[in-house]
2 protein chains.
Amino acid sequence: MDICKRLGENVRRYRKEKGWSQEAFAHEADIHRTYISDIERGARNPTITIIEKLARPLGVTASQLLE
Amino acid sequence: MDICKRLGENVRRYRKEKGWSQEAFAHEADIHRTYISDIERGARNPTITIIEKLARPLGVTASQLLE
DNA sequence: CTGTGACTCTTAGTCCGTC
DNA sequence: AGACGGACTAAGAGTCACA
């Protein structure tokens, strides 16, 4: 499985566990809403600093987002 | 700890376990040797596809490189 | 609320070296 | 063997209007 898609699925799963919309999560992570959408669809190839920005509000590690 | 530095330390540790020079590893991972040097020093902010390219020849997962 | 194309600006990533 | 610099090209970061 492609790693970008795997990341996207993990982000989406953790975000839904928090009960957040993409918009609400985008605000928490301080990342643009459409960028979150792209990430969840595996349409982006983000850097590890982005992974960390995503991980923090979700309460998980950067490592977990790539599992 | 900064995530780039953590990645660098992990890469260096796994690479040395394999007994590879940066150059030999660069060849295995199909990544430029100077880029490997930068990564290990935490001087770069790589994308997740690079993380995967680093992980494969080391015999670990992308997730493990960020632990 | 979310997906998508398009856009600008910045930086990832390559390749040439030298120390 | 590895650190580090300069210059370059490809691609990511970040944003918007609209569906």
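Fair warning: this is a prediction, and the values are worked out from it, not measured in the lab.
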Nearest-angstrom distance from the residue atom [atom1] of [X] to [atom2] of [N]:
X	N	atom1	atom2	value
A:Ile39	C:dT2	CD1	P	15 Å
A:Lys5	C:dG3	NZ	P	12 Å
A:Asp38	D:dT15	CG	C1'	11 Å
A:Arg41	C:dT2	CZ	C1'	9 Å
B:Phe25	D:dA3	CZ	P	13 Å
A:Leu7	D:dG12	CG	P	13 Å
B:His27	C:dC15	NE2	C1'	16 Å

Value rounded to 0.5 Å, distance of [atom1] in [X] from [atom2] in [Y]:
X	Y	atom1	atom2	value
B:Ile3	A:Ile51	CD1	CD1	7.5 Å
A:Cys4	A:Glu9	SG	CD	12.0 Å
A:Leu66	A:Leu7	CG	CG	6.0 Å
A:Glu52	B:Asn45	CD	CG	9.5 Å
B:Ile39	B:Ile50	CD1	CD1	7.0 Å
A:Arg15	A:Leu58	CZ	CG	9.5 Å

Using the test side chain to side chain contact (heavy atoms under 4.5 Å, CB included), find all partners of [X] that sit at least two apart in sequence or belong to another chain.
X	answer
A:Thr61	A:Ser63, A:Gln64
B:Thr34	B:His32
B:Lys16	B:Arg12

Detail all sub-3.5 Å separations between protein N/O atoms and N/O atoms belonging to nucleotides 16-19 of chain C.
{"unit_1": "C:dG17", "atom_1": "N7", "unit_2": "B:Arg33", "atom_2": "NH2", "d": "3.4"}
{"unit_1": "C:dG17", "atom_1": "O6", "unit_2": "B:Arg33", "atom_2": "NH1", "d": "3.3"}
{"unit_1": "C:dG17", "atom_1": "O6", "unit_2": "B:Arg33", "atom_2": "NH2", "d": "3.3"}

Point to revise | Student check: side-chain heavy atoms of B:Leu54 and B:Tyr14 closer than 4.5 Å | key: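 Counting from C-beta outward, B:Leu54 and B:Tyr14 never come under 4.5 Å.
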
Point to revise | Side chains of B:Thr47 and A:Pro46 in contact at under 4.5 Å (non-hydrogen atoms) | key: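 They are not in side-chain contact.
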
**Study point:** Sub-4.0 Å heavy-atom contacts from residues 54-67 of chain B onto DNA chain C, ordered by number
**Key:**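 Those residues: none at all.
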
Let me check something: any side-chain donor-acceptor pairs from residues 17-31 of chain B under 3.5 Å, sequence neighbours excluded? List them with distances.
{"unit_1": "B:Ser21", "atom_1": "OG", "unit_2": "B:Glu23", "atom_2": "N", "d": "3.4"}
{"unit_1": "B:Ser21", "atom_1": "OG", "unit_2": "B:Ala24", "atom_2": "N", "d": "3.0"}
{"unit_1": "B:Gln22", "atom_1": "NE2", "unit_2": "B:Glu40", "atom_2": "OE1", "d": "3.1"}

Practice item. Please give the angle, rounded to 10 degrees, between the axes at the start and the end of the helix from C:dT2-D:dA19 to C:dC19-D:dG2, where five pairs define each axis. Key: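 Terminal axis comparison yields 50°.
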
Point to revise | side-chain hydrogen bond (donor to acceptor under 3.5 Å, both in side chains) partners of A:Asn10, counting only residues at least two apart | key: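 side-chain hydrogen bond (donor to acceptor under 3.5 Å, both in side chains) check on A:Asn10 returns A:Arg13.
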
Collect all protein-nucleotide pairs involving nucleotides 9-12 of chain C in which both atoms are nitrogen or oxygen and the distance is under 3.5 Å.
{"unit_1": "C:dA12", "atom_1": "OP1", "unit_2": "B:Asn45", "atom_2": "ND2", "d": "3.3"}
{"unit_1": "C:dA12", "atom_1": "O5'", "unit_2": "B:Asn45", "atom_2": "O", "d": "3.3"}

Review point. Is any side-chain N or O of B:Ser37 closer than 4.0 Å to OP1 or OP2 of D:dA3?
Key: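 Yes.
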
Practice item. Indicate, with a heavy-atom threshold strictly under 4.0 Å, whether B:Glu23 touches base, sugar-phosphate, or nothing. Key: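 Contact class for B:Glu23: sugar-phosphate only.
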
Practice item. Please list residues of residues 11-20 of chain B whose heavy atoms come under 4.0 Å from any atom in DNA chain D, ordered by number; otherwise none. Key: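 The answer is B:Arg12, B:Arg15.
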
Review point. Under the salt bridge (Lys or Arg N to Asp or Glu O under 4.0 Å) rule, what pairs show up with a residue in residues 53-67 of chain A, not counting sequence neighbours?
Key: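 Sorted pair list comes back empty.
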
